[in-house]
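Single-structure report; data block below.
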Amino acid sequence: MAPIEVKKICCIGAGYVGGPTCAVIPHIQVTIVDLNQARIDAWNSDELPIYEPGLEDVVKATRGKNLFFSTDVDKGIADADLIFVSVNTPTKKSGIGAGFAADLKFLQLATRRIAEVATSSKIVVEKSTVPCRTADAMRTILEANSKPGCRFDILSNPEFLAEGTAIADLFAPDRVLIGSLQTEEGLDACRALSNVYSNWVPRDQILTVGLWSSELSKLAANAMLAQRISSVNALSAICEATGANIDEVAYAVGKDTRMGSKFLKASVGFGGSCFQKDILNLVYLSESLHLPEVAKYWRSVVELNEYQKSRFARKVVDTLFNTITGKKIAVLGWAFKKDTGDTRESPAITITNHFLSEKARISIYDPQVTESQMWLDLTDYGDIPAEPIKPHITINKTVEEACAGAEAIVVCTEWDEFKTLDWEKIYANCPRPAFVFDGRLILDRKKLTDIGFQVITIGSGDRI
Ligand SMILES: NC(=O)c1ccc[n+]([C@@H]2O[C@H](COP(=O)([O-])OP(=O)(O)OC[C@H]3O[C@@H](n4cnc5c(N)ncnc54)[C@H](O)[C@@H]3O)[C@@H](O)[C@H]2O)c1
Ligand SMILES: O=c1ccn([C@@H]2O[C@H](COP(=O)(O)OP(=O)(O)O[C@H]3O[C@H](CO)[C@@H](O)[C@H](O)[C@H]3O)[C@@H](O)[C@H]2O)c(=O)[nH]1
């Protein structure tokens, strides 16, 4: 049989994954489709819907040439030989598995649409992060609805990009993972997708495995990355109680080549749309498989993360003489990490909610997050009334405004610009004692202490 050549790609879902992932594919025609008109309009404009370093240049270079954005989902599907399904798979909010299981309704709707619209054979690629064996359900939906002469081969091709470094990650990935059935047709489909990636990824970095291993590897990778952060955050609490310094401990531990130095930065806790969701997904999977001890182990990674966020918020209250009621607190950083405008599961939201429950006055600054997004987060997308919160919240355009008159400055996101602020000027405008809480270990503690600040850092005792 002649190898399948992919000439046209469709990607369903123009989000944080679909957009950047497809924008880096050279030569081959790629159409990214989405039901969200505003999102597609933004992708077709000068104001892209997401902030990601390097993304604008890549999109400008390819848009209208081999890269297209459209709301015409059916045409995108009909024209393509290969379809990436890159829709959101959030944690279920109600029903069986609520709070743990992945909500696969968007994935299933997209799959059903492919079956209904396709009049020729397609390779369907799971790009979304999904529970193990989701490809089975997709195959059942596709085969039950397909037209004569149409065959569907399903591949798993999880995405490992991290926000803030997505473009660099996509151009030079540590690995590309492709899972397929080990049948002749499955392996053919796998070769076709490998050939797409081999346009820019070295062959030996394209890993081909079985479908279920591929699906599980994505959950495993995120769980193990998050587990490192929870481990280092657990140690940070011990450091604070003993006078050890978590940066020094992490450095010493990470020097062991069996361990490696990455993902050992203590913090206010991990955020982002993936880690918590994917671990809870793994917890649910473990429970469904009657493996309660395994479920408990992974659940503890999320529980420790919750503990770290509330521990940090409590430390602010304790340090400000046990009350922050009516006091101005500056929250620096709202995004879940630097170099992104994404706020999903951002620790800054949880920490601010703690401050709100203590009736503090909170001033927020973030260089990339819009005011409207902050209000969506503060009201849990309309579930919490805004009126009672409004008198307690100010959103500022500059750090200086946010910090003026603040009794505590709380760094929640590790934006580089916070390292080089005019801290002397900020200090001059703060009441005494002036407290800085460094939740990301990015500030020069000695310099700030010399200026006069009382600096409280995650993972280190009072001594410097
Ligand atoms: N965000 C990340 O950094 C990241 C990294 C790796 C993997 N993932 C995974 O990739 C998937 C997508 O994540 P994301 O962050 O891009 O989500 P997102 O919410 O930013 O984008 C998903 C898009 O899919 C669209 N969509 C939903 N159903 C649709 C349908 N039936 N037809 C057409 N469009 C539809 C939505 O309108 C939305 O624009 C998730 O499973 C996530 O876990 C995310
Ligand atoms: O040492 C560290 C590293 C990260 N973080 C925090 O952990 C969260 C997640 O960071 P990161 O993993 O860099 O960003 P994500 O975009 O969430 O990427 C993760 O989630 C994606 C979605 O599944 C995967 O594709 C990526 O491989 C995986 O790194 C952020 O709040 C970070 O501030 C720490 O606190 N300490």
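Start at 1 with the first residue, then count along the sequence. Order of appearance sets the numbers: ligands from 1, and atoms from 1 within every ligand.
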Review point. Would you say ligand 1 has an N or O under 3.5 Å from any N or O of K127?
Key: no
Point to revise | Any N or O of D34 closer than 3.5 Å to N or O of ligand 1 | key: yes
Check your understanding: When you measure from atom 20 (O) of ligand 2 to every protein heavy atom, which one gives the shortest distance, and what is it?
Key -> C274 CB, 3.5 Å
Check your understanding: Between D278 and K218, is there a salt bridge with N-O shorter than 4.0 Å?
Key -> no
Review point. Quick one: nearest non-hydrogen protein atom to atom 35 (C) of ligand 1, plus distance?
Key: V87 CG1, 3.7 Å
Practice item. Considering only non-hydrogen protein atoms, determine which one is nearest to atom 4 (C) of ligand 1 and report residue, atom name and distance to 0.1 Å. Key: V17 CG2, 3.2 Å
Point to revise | Enumerated ligand 2 atoms positioned under 4.0 Å from heavy atoms of E163 | key: 16 (O)
Study note, to complete from the structure: If you scan protein heavy atoms around atom 19 (C) of ligand 2, the nearest is F275 CE2, 3.4 Å
Exercise for review: Go through ligand 1 atom by atom and flag the ones less than 4.0 Å from a non-hydrogen atom of S273.
Suggested key: 1 (N)
Review point. Only one of T208, N157, V176 clears side-chain contact (heavy atoms from CB on, under 4.5 Å) with S194; which?
Key: T208
Point to revise | K218-ligand 1 polar pair, N/O distance under 3.5 Å | key: no
Practice item. Please name the residue in the list I9, V201, I178 that meets the side-chain contact (heavy atoms from CB on, under 4.5 Å) test with V196. Key: I9
Practice item. Show which atoms of ligand 2 fall inside a sub-4.0 Å distance from at least one heavy-atom site of K218. Key: 22 (C), 23 (O), 24 (C), 25 (O)
Review point. Is there a donor in the side chain of E248 and an acceptor in the side chain of S460, or the other way round, less than 3.5 Å apart?
Key: no
Check your understanding: Taking atom CG of D46 as the centre, does the number of heavy atoms from other residues, nucleotides or ligands within less than 6.0 Å exceed 12?
Key -> no
Check your understanding: For ligand 1, does L161 get within less than 4.0 Å through its side chain, its backbone, both, or neither, judged by non-hydrogen atoms?
Key -> both
Exercise for review: Give a yes or no answer on whether the side chain of N245 reaches the backbone of G459 with a donor-acceptor pair at less than 3.5 Å.
Suggested key: no
Check your understanding: W43 ring centre to R63 NZ or CZ under 6.0 Å, with the angle to the axis within 45°?
Key -> no
Point to revise | Option with minimal heavy-atom separation from atom 10 (O) of ligand 2, where the choices are E345, K262, K337 | key: K337
**Study point:** Main-chain N/O of K8 paired to D81 side chain as donor or acceptor, under 3.5 Å
**Key:** yes
Exercise for review: Taking D380 for its side chain and D383 for its backbone only, find out whether a donor-acceptor pair lies under 3.5 Å.
Suggested key: no
Exercise for review: Could you check D34 against T71 for side chain to side chain contact (heavy atoms under 4.5 Å, CB included), going step by step and ending with a plain yes or no?
Suggested key: CA-CA 5 Å; D34 203 295; T71 49; 5.8 Å; no
Review point. Can you tell me how far the CD1 atom of I77 sits from the CZ atom of R113, to the nearest 0.5 Å?
Key: 7.0 Å
Point to revise | Identity and separation of the nearest protein heavy atom to atom 43 (O) of ligand 1 | key: K277 NZ, 2.6 Å
Review point. Any N or O of F336 that comes nearer than 3.5 Å to an N or O of ligand 2?
Key: yes
Exercise for review: State the atoms of ligand 2, each with its element, that fall below the 4.0 Å cut-off from a heavy-atom position in G271.
Suggested key: 8 (C), 9 (C), 30 (C), 31 (O)
Check your understanding: Taking both backbone and side-chain atoms of L161, is any N or O found less than 3.5 Å from an N or O belonging to ligand 2?
Key -> yes
Check your understanding: For ligand 2, does N222 get within less than 4.0 Å through its side chain, its backbone, both, or neither, judged by non-hydrogen atoms?
Key -> side chain
**Study point:** Pairwise side-chain contact, K315 with I456, heavy-atom cut-off 4.5 Å (strictly under)
**Key:** yes
Practice item. Measure from atom 41 (O) of ligand 1 to every heavy atom in D169, N222, T89, I32 and give the option owning the shortest one. Key: T89
Exercise for review: Answer yes or no: does an N/O atom from E163 fall short of 3.5 Å to an N/O atom of ligand 1?
Suggested key: yes
Review point. Heavy atom under 4.0 Å from ligand 2: found in L264's side chain, backbone, both, or neither?
Key: backbone
Review point. Under 4.0 Å from ligand 1, counting heavy atoms only, is it the side chain of A162, its backbone, both or neither?
Key: neither
Check your understanding: What protein heavy atom is closest to atom 2 (C) of ligand 2, reported as residue, atom name and distance in Å?
Key -> K265 O, 3.7 Å
Review point. Just by modelled atom types, is the L161 backbone N or O under 3.5 Å from a matching donor or acceptor in the E159 side chain?
Key: yes
Check your understanding: Which bit of R440 gets closer than 4.0 Å to ligand 2, counting heavy atoms only: side chain, backbone, both or neither?
Key -> side chain
Check your understanding: Is the shortest N/O to N/O distance between D278 and ligand 1 below 3.5 Å?
Key -> no
Review point. Is it the side chain, the backbone, both or neither of N88 that has a heavy atom closer than 4.0 Å to ligand 1?
Key: both
Point to revise | Test item: T134 side-chain N/O and V130 main-chain N/O as donor-acceptor pair under 3.5 Å | key: no
Review point. Any N or O of N36 that comes nearer than 3.5 Å to an N or O of ligand 1?
Key: no
Exercise for review: Establish, yes or no, whether a centroid distance under 6.0 Å links the rings of F453 and W423.
Suggested key: yes
Practice item. Measure from NZ or CZ of R175 to the centre of the six-membered ring of F160 and say whether it is under 6.0 Å with the direction within 45° of the ring axis. Key: yes
Point to revise | Electrostatic pair R151:D153 at N-O distance under 4.0 angstrom | key: yes
Check your understanding: For atom 9 (C) of ligand 1, what's the nearest protein heavy atom and its distance?
Key -> T129 OG1, 3.4 Å
Check your understanding: How far is atom 27 (O) of ligand 2 from its nearest protein heavy atom, and which residue and atom is that?
Key -> F160 O, 2.7 Å
Practice item. State whether E414 and K265 are salt-bridged, where the test is any N-O pair (Lys NZ or Arg NE/NH1/NH2 against Asp/Glu carboxylate O) under 4.0 Å. Key: no
Practice item. State whether the side chain of S213 and the backbone N or O of V209 hold a donor-acceptor pair below 3.5 Å, judged by distance alone. Key: no
**Study point:** Region of R113 that comes within reach of ligand 1 [heavy atoms, distance under 4.0 Å]
**Key:** neither
Exercise for review: Could you say whether the N/O atoms of A162 and ligand 2 ever approach to under 3.5 Å?
Suggested key: no
Point to revise | G18 N/O to ligand 1 N/O under 3.5 Å | key: no
Exercise for review: Answer with side chain, backbone, both or neither: which part of C274 has a heavy atom less than 4.0 angstrom from an atom of ligand 1?
Suggested key: side chain
Check your understanding: Given I40 and L35, is the side chain to side chain contact (heavy atoms under 4.5 Å, CB included) satisfied, shown in steps?
Key -> CA-CA 8 Å; I40 290 297; L35 298 170; over 6 Å; no
**Study point:** Distance filter under 4.0 Å to S267 heavy atoms, resulting ligand 2 atoms
**Key:** 34 (C), 35 (O)
Exercise for review: Could you tell me whether R344 approaches ligand 1 through its side chain, its backbone, both or neither, with non-hydrogen atoms closer than 4.0 Å?
Suggested key: side chain
Practice item. Examine ligand 2 and decide if any of its atoms is less than 4.0 Å from a heavy atom belonging to I229. Key: yes
